[in-house]
Amino acid sequence: MKQSGGGVWSKPNYEWHEHYKAVNGEFDPRYMPGDVFYLDLLPRLSDLALSEAWEDKSYYAKRFPEFPFPALRFARVGGRLVDKDLSFISWENAYQAVRDMTAAFVKPSLGSYQGIGAFRLELTDINSPEDLKTRLADCGGNFVVQELIEQADLLSSFNPSSVNIIRMNTVCLNGDAFLANATIRFGVAGSVTDMAHVEGVEIARVAGLSGDGCLRGFFCNQDGDRIPLSELGIQGEERVPGFDKAVNCCRELHKQMHHFGLVAFDVAIRSDGEPVIVEMNIDGPGSVFYQYANGPFFGDRTEDVIEWCKKRTWNPALNMQII
């Protein structure tokens with residue numbers, strides 16, 4: 001049926017609700033079906049045609065200098081090497097920028113998701129600009145080279161080999177941003193990213209957080225299985241350090257991103273409790289895992305979001321990553 005704002009809204013269907021009920025044990029009409037989330041709400045919440053440019057990790061610190069991002073050593077933008085200030089450099093300059101480090105983190109700066117293409121770059125055996133160029137030869141024309149993050153003990157305990165982030169989904173409708181949900185995403189043993197692929201199968205593990213940053217006592221895998229956190233040796237109701245600071249940071253940043261009503265921030269917490277915004281996801285923020293871990297995506301604000309979207313123009317240019 002046609003709605004104001006253009007576009008066709010999805011027909012009522014409770015199959016997704018039954019799926020979430022099977023995971024979480026109770027039916028809730030506020031659960032967000034995948035088709036409604038991606039086809040009806042997201043194209044009304046955000047101008048998705050602009051998402052790729054705003055997601056470019058090379059520009060994070062330059063665009064928002066007052067917010068904490070991973071320290072950039074150098075990057076490649078459109079095939080050209082640039083320093084942390086985005087000025088053109090040579091491979092000699094790039095080598096000098098990292099030669100004091102034992103390791104760095106490399107990831108695609110455009111179109112990256114689910115940890116694909118990201119890796120830890122060991123630098124102890126890189127002894128020249130040519131060595132560095134050779135090692136990064138397969139990274140494409142757009143990537144960033146960042147300093148490693150030493151994460152807080154609680155987050156490290158989920159999996160020591162990966163940087164385990166808090167996915168903070170924030171919504172900004174009328175100039176004021178609020179936290180829709182927060183979830184810890186963590187990798188598997190040996191993985192350096194919070195999501196991994198093992199023999200072609202995506203492996204994801206997510207632990208839900210309450211609105212004040214306390215663990216809910218369990219985590220879910222990509223199949224929706226619930227597993228007690230005690231199996232990881234983690235107390236079920238611990239509070240994430242620096243959580244309030246991270247929420248405020250994401251909310252304030254989102255207020256400056258006026259094209260986008262929903263932003264999925266990936267936030268690491270350093271060992272000193274300070275947040276680091278690792279990524280900003282706009283066109284494919286995901287909805288499934290976070291409802292496994294926390295219940296309805298927008299919680300008590302579900303009706304507010306739907307009513308707001310009914311008055312907005314439908315812009316279906318999106319790149320779906322339904323996770």
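As the structure is a prediction and not an experimental result, all values here were calculated from the model.
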Query raised in the report: What's the verdict on side chain to side chain contact (heavy atoms under 4.5 Å, CB included) for V171 and F297, showing C-alpha distance, side-chain angles and the deciding distance?
Result: CA-CA 11 Å; V171 177; F297 191 91; 5.5 Å; no
Query raised in the report: Given the rule in the salt bridge (Lys or Arg N to Asp or Glu O under 4.0 Å) test, do E252 and K255 qualify, once you have shown the distances and angles that lead to the verdict?
Result: CA-CA 5 Å; E252 291 305 310; K255 289 177 187 179; 3.0 Å; yes
Query raised in the report: Stepwise, does the side chain to side chain contact (heavy atoms under 4.5 Å, CB included) test hold for K57 with F69?
Result: CA-CA 9 Å; K57 301 171 189 65; F69 295 103; over 6 Å; no
Requested in this report: Take R167 and N181 through the test side-chain hydrogen bond (donor to acceptor under 3.5 Å, both in side chains) and record every step on the way to the result.
Outcome: CA-CA 8 Å; R167 167 58 64 89; N181 57 75; over 6 Å; no
Query raised in the report: Could you go step by step and tell me if R251 and N248 meet the side chain to side chain contact (heavy atoms under 4.5 Å, CB included) rule?
Result: CA-CA 5 Å; R251 289 177 63 246; N248 289 335; 3.8 Å; yes
Requested in this report: For the pair R135 and D125, evaluate side chain to side chain contact (heavy atoms under 4.5 Å, CB included) and give the outcome as yes or no after the intermediate values.
Outcome: CA-CA 10 Å; R135 190 67 63 85; D125 60 344; 3.2 Å; yes
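Salt-bridge annotation for D56 and K62: absent, with no side-chain N of the basic residue lying under 4.0 Å from a carboxylate O of the acidic one. A salt bridge between D28 and K21 is absent, with no side-chain N of the basic residue lying under 4.0 Å from a carboxylate O of the acidic one. Remark: K310 engages E307 in a salt bridge, criterion side-chain N to carboxylate O under 4.0 Å.
W314 places a side-chain N or O within donor-acceptor distance of the main-chain N or O of L39, the cut-off being under 3.5 Å. Between the E274 side chain and the P68 main chain, no donor and acceptor come within less than 3.5 Å of each other. Side-chain atoms of D131 come within 3.5 Å of backbone N or O of N127 as a donor-acceptor pair. Side chain of N142 to backbone of S109: no donor-acceptor contact under 3.5 angstrom is found. Put simply, the side chain of Q146 never gets that close to the backbone of F105: no donor and acceptor are under 3.5 Å apart. For the pair D266 (side chain) and V278 (backbone), a donor-acceptor distance under 3.5 Å is absent. At least one donor-acceptor pair closer than 3.5 Å links the side chain of R205 to the backbone N or O of G187. Between the S161 side chain and the S191 main chain, a donor and an acceptor come within less than 3.5 Å of each other. Panel note: side chain W308, backbone L173; a donor-acceptor pair is recorded below 3.5 Å. With Q151 contributing its side chain and A268 its backbone, the two residues share no donor-acceptor pair below 3.5 Å.
In the hydrophobic clustering of this structure, Y95 does not group with V82; members are Ile, Leu, Val, Met, Phe, Trp, Tyr whose side-chain heavy atoms approach within less than 4.5 Å, directly or through other members. The same ILVMFWY cluster, assembled from side-chain heavy atoms under 4.5 Å apart, contains both L215 and F243. When the side chains of ILVMFWY residues are joined at heavy-atom separations under 4.5 Å, either directly or via intervening members, I277 and V263 end up in a single hydrophobic cluster. Linking ILVMFWY side-chain heavy atoms closer than 4.5 Å, directly or via other members, places V267 and V163 in two distinct hydrophobic clusters. Hydrophobic clustering (side-chain heavy atoms under 4.5 Å, transitive across Ile, Leu, Val, Met, Phe, Trp, Tyr) keeps L72 apart from V276.
By the 6.0 Å contact criterion, OH on Y14 is open, its count of non-hydrogen atoms from other residues, nucleotides or ligands being 12 or less. Enclosure of atom CG in D153 is not indicated, since only 12 or fewer non-hydrogen atoms of other residues, nucleotides or ligands lie within 6.0 angstrom. Around the CZ atom of F64, the shell of radius 6.0 Å holds more than 12 heavy atoms that belong to other residues, nucleotides or ligands. Crowding of D138 atom CG: a count of heavy atoms from other residues, nucleotides or ligands under 6.0 Å not exceeding 12. Surrounding CD of E303 are at most 12 heavy atoms belonging to other residues, nucleotides or ligands under 6.0 Å away. No more than 12 heavy-atom neighbours from other residues, nucleotides or ligands sit within 6.0 angstrom of CD on Q235. Residue R99 places its CZ atom among 12 or fewer non-hydrogen atoms of other residues, nucleotides or ligands, all under 6.0 Å distant. Around atom CZ of R80, no more than 12 heavy atoms belonging to other residues, nucleotides or ligands sit under 6.0 Å away.
Here the closest heavy-atom approach between residue Y290 and residue P285 is recorded as CE1-O, 3.6 Å. Between L81 and A94 the shortest heavy-atom distance is CD1-CB, 4.4 Å. The shortest heavy-atom contact between V98 and R73 is CG1-CB, 3.9 Å. Considering all non-hydrogen atoms of both residues, E92 and P129 come closest at OE1-CG, 3.0 Å. Smallest separation of non-hydrogen atoms from H17 and P29: NE2-O, 3.2 Å. Closest approach of S58 and L86 over heavy atoms only: O-CD2, 3.5 Å.
Side-chain contact between D304 and F298 is absent, with no heavy atoms from C-beta onward closer than 4.5 Å. Side-chain contact between M257 and I282 is present, with heavy atoms from C-beta onward closer than 4.5 Å. L45 places a side-chain heavy atom less than 4.5 Å from the side chain of C309. Inter-residue side-chain proximity for C139 and V106 is flagged as met; some heavy-atom pair is nearer than 4.5 Å. Inter-residue side-chain proximity for L121 and L132 is flagged as met; some heavy-atom pair is nearer than 4.5 Å. Contact of the T302 side chain with the V305 side chain is not registered, since no non-hydrogen atoms from C-beta on lie closer than 4.5 Å. Y38 has its side chain within reach of S287: a pair of non-hydrogen atoms, C-beta onward, lies under 4.5 Å apart.
In this pair, Y31 and Y20 present their aromatic rings parallel. The plane angle is below 30°, not in the 30 to 60° band. In this pair, Y292 and F289 present their aromatic rings tilted. The plane angle is within the 30 to 60° band. Using cut-offs of 30° and 60° on the angle between ring planes, the pair W54 and H259 is perpendicular.
If you check the side chains of S87 and D85, you find no donor sitting under 3.5 Å from an acceptor. T183 and N294 form a side-chain donor-acceptor contact under 3.5 Å, judged by distance and modelled atom types alone. The closest side-chain donor-acceptor pair between S90 and N93 falls under 3.5 angstrom.
In this structure, CE on M168 lies 12.5 Å from CG on L253, to the nearest 0.5 angstrom. In this structure, the separation between CG on D272 and CZ on R270 is 4.0 Å, given to the nearest 0.5 Å. To the nearest 0.5 angstrom, D176 atom CG is 11.0 Å from H254 atom NE2. Residue H19 holds its NE2 atom at 9.5 Å from CG of N24, rounded to the nearest 0.5 Å. Atoms CG and CD, on L154 and E238 in that order, are 5.0 Å from each other to the nearest 0.5 Å. Interatomic distance, SG of C220 versus CD of Q291, reported as 12.0 Å (0.5 Å rounding).
Between F186 and F219, the distance from one ring center to the other falls under 6.0 angstrom.
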